[in-house]
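Reviewing the structure listed below.
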Amino acid sequence: MKIAIVEDDINMRKSLEIAMSDYKEFEIQTFKNAKDALKGIDDSFNLVITDINMPGMDGIEFVKTLGGKFEVIIMTGNATLQRAIESIHLGVKDFLLKPFDVDTLIEAIKREDKIQKVKRTLPKTSNDNASSSFFGTSKALESALKIADKASKTDASILLLGESGVGKEVFASYIHNNSPRAKKPFVAINMAAIPDNLIESELFGFEKGAFTDASEAKAGQFEQANGGTLFLDEIAEMPYGVQAKLLRALQEKEIRRLGSSKGIKIDIRVVSATNANLNEKIKNGEFRSDLYFRLNTIPVNIPPLRERKDEILQIAQKVLEQNCIKYGFDLKRFSDEAVKQLLDYHWPGNIRELISVVERAVILSEGDEITPQELFLESRVFN
């Protein structure tokens, strides 16, 4: 297993190099900052271990820049709940609180090594994201589902509001599947995952020669969703200049590819989502009020998982069963202590975090019972 360790403290970095030299099964390469790491890390690496507080680019920005290409373990000496939430949203699986001993680090690496080895045994056609479609039933969710049911029968624009990981894309898909457009395409695009200079071409497409790398014409997401539903996730991250073009496309029901003067008529239903306070964004001049009113015909507030306690075990059990099938294991069960820990935990990363935790526990558990040790939630408790 090839591992990159990114740590600005030279003493810490040297200590880790010396301690890890005893473990021949791991190939270690250290970097003094995120900038050097971005230059030196390639596809041969299996795992990245990084500090959060570093000069220049910090650990959170570094992980964002990696774009989900590598599994990541975070090291930090001053963990906070906000930092934990940010890390979870980026897909970080483990957190090491400084100071830690080498055995703790080795255990974390071996957990990740085992997970990666099991995943490599799966057929390439396996659907790793299937569990993301799960949500349960709870009293707290009834209001949101009722509004979604009514709104799905119309073509009104819907704005889904809620924390990251609560299942906004699941709601958007649910609305589409219960609408008259259900047999047409459902196209989802995450604004936060696309560089600002590419968002316009992703949305509206481009003609051959529209820019340097445009060797052939390409339809944008609007055209791909024609007749169906376009889901715009993390809408608050859309650059201000592109917002005006989006508004015009929605008003005129027509788009133009980059490099073309020809309009293309579109017939779509737009569902958008955000975890940001758009009213604050409007006050700060970061989001257009006219676009907000266009998108916010019907707002749907999706409560966080911690307010849906009666749903936690429903989702956990579904994810447990699916992953046992996915990895070819006999059906496992949660111990009583594990059930208590699942219910007591705060779930800052919401359903996305729950899915990740249960999948990891299924892989790491040796017997037919999942215990708190496999859930590994105690390390996720932050001040």
Side-chain angles (χ1 to χ4, degrees), residues 89 127 129-194 199 202-203 220-238 243 246-247 249-251 253 255 266-278 287 291-305 307-308 310-311 314-315 318-319 350-352 354-355:
H89 293 167
N127 183 2
N129 296 319
S131 59
S132 63
S133 65
F134 286 134
F135 62 96
T137 57
S138 68
K139 291 290 183 182
L141 206 60
E142 281 182 1
S143 175
L145 285 170
K146 191 176 293 184
I147 295 172
D149 279 329
K150 289 183 178 180
S152 65
K153 307 300 186 289
T154 75
D155 259 352
S157 297
I158 297 174
L159 179 61
L160 303 175
L161 303 168
E163 298 175 6
S164 287
V166 294
K168 293 190 285 293
E169 184 168 350
V170 174
F171 259 79
S173 180
Y174 175 85
I175 290 166
H176 171 76
N177 291 332
N178 286 278
S179 76
R181 298 175 180 268
K183 294 183 179 180
K184 298 293 185 177
F186 173 79
V187 176
I189 180 169
N190 187 329
M191 297 293 121
I194 304 171
I199 286 181
E202 282 291 321
L203 286 174
Q221 304 288 1
F222 267 91
E223 288 182 72
Q224 293 177 36
N226 206 13
T229 302
L230 179 62
F231 175 53
L232 302 174
D233 199 6
E234 304 291 358
I235 191 68
E237 301 302 316
M238 176 177 282
Q243 292 174 29
L246 172 60
L247 177 63
L250 296 178
Q251 289 175 334
K253 297 184 178 180
I255 59 103
I266 52 164
D267 172 29
I268 61 170
R269 197 268 186 82
V270 172
V271 178
S272 51
T274 183
N275 62 357
N277 185 327
L278 287 182
F287 200 84
L291 177 59
Y292 172 73
F293 294 127
R294 169 67 63 170
L295 297 174
N296 192 31
T297 303
I298 300 177
V300 179
N301 287 283
I302 306 173
L305 188 58
E307 295 177 10
R308 296 149 58 182
D310 46 346
E311 196 174 350
Q314 295 176 37
I315 299 172
K318 288 178 182 179
V319 178
N350 293 293
I351 295 175
R352 185 182 297 133
L354 175 57
I355 289 170

Can you name the nearest heavy-atom pair linking Q243 to M238, along with the distance? NE2-O, 3.0 Å
Would you mind telling me which of V187, I189, L250 makes a side chain to side chain contact (heavy atoms under 4.5 Å, CB included) with F222? L250
Just grab all the salt bridge (Lys or Arg N to Asp or Glu O under 4.0 Å) pairs involving residues 179-192, residues at least two apart or on different chains. D155-R181, R181-D267
Taking the side chain as every heavy atom from C-beta outward, state whether I158 and I147 have any atom pair closer than 4.5 Å. no
For a 4.5 angstrom cut-off between non-hydrogen side-chain atoms, does F171 reach V271? no
For residues F186 and N177, determine if any side-chain heavy atom of one lies less than 4.5 Å from a side-chain heavy atom of the other. no
More than 12 foreign heavy atoms under 6.0 Å from NZ of K153: is that the case here? yes
Taking every heavy atom of G228 against every heavy atom of H176, the minimum-distance pair comes out as CA-CE1, 4.3 Å
side-chain hydrogen bond (donor to acceptor under 3.5 Å, both in side chains) partner of S164, chosen from N350, D233, N275, T274: N275
Smallest separation among heavy atoms of L230 and A225, with atom names: CB-CB, 4.1 Å
Under 4.5 Å between any side-chain heavy atoms of F231 and I175, yes or no? no
Inter-residue atom distance I302.CD1 - L141.CG, 0.5 Å rounding: 7.5 Å
Considering non-hydrogen atoms only, spot the tightest contact between S179 and R269 and give its length. CB-NH1, 4.2 Å
Exam field: side chain S152 to backbone D149, donor-acceptor pair closer than 3.5 Å: yes
For P304 and V166, which heavy atoms make the closest approach, and how far apart are they? CA-CG1, 3.8 Å
dist K150:NZ -> I298:CD1 (nearest 0.5 Å) comes out at 10.0 Å
CD1 on I268 to CG on N226, rounded to 0.5 Å: 7.5 Å
Spatial distance of atom CZ (R294) from atom CG (L291) [nearest 0.5 Å]: 9.5 Å
Smallest separation among heavy atoms of R308 and A140, with atom names: CG-CB, 3.8 Å
L278 side, atom CG; S272 side, atom OG - distance, nearest 0.5 Å: 8.0 Å
In sequence, state the C-alpha distance, the side-chain angles, and the governing distance for L354 and V319, and then conclude on side-chain contact (heavy atoms from CB on, under 4.5 Å). CA-CA 9 Å; L354 175 57; V319 178; 5.8 Å; no
Nearest-0.5 Å distance that lies between atom CE in M191 and atom CG in L232: 5.0 Å
Please tell me if the side chains of V270 and L246 come closer than 4.5 Å, counting only heavy atoms from C-beta onward. no
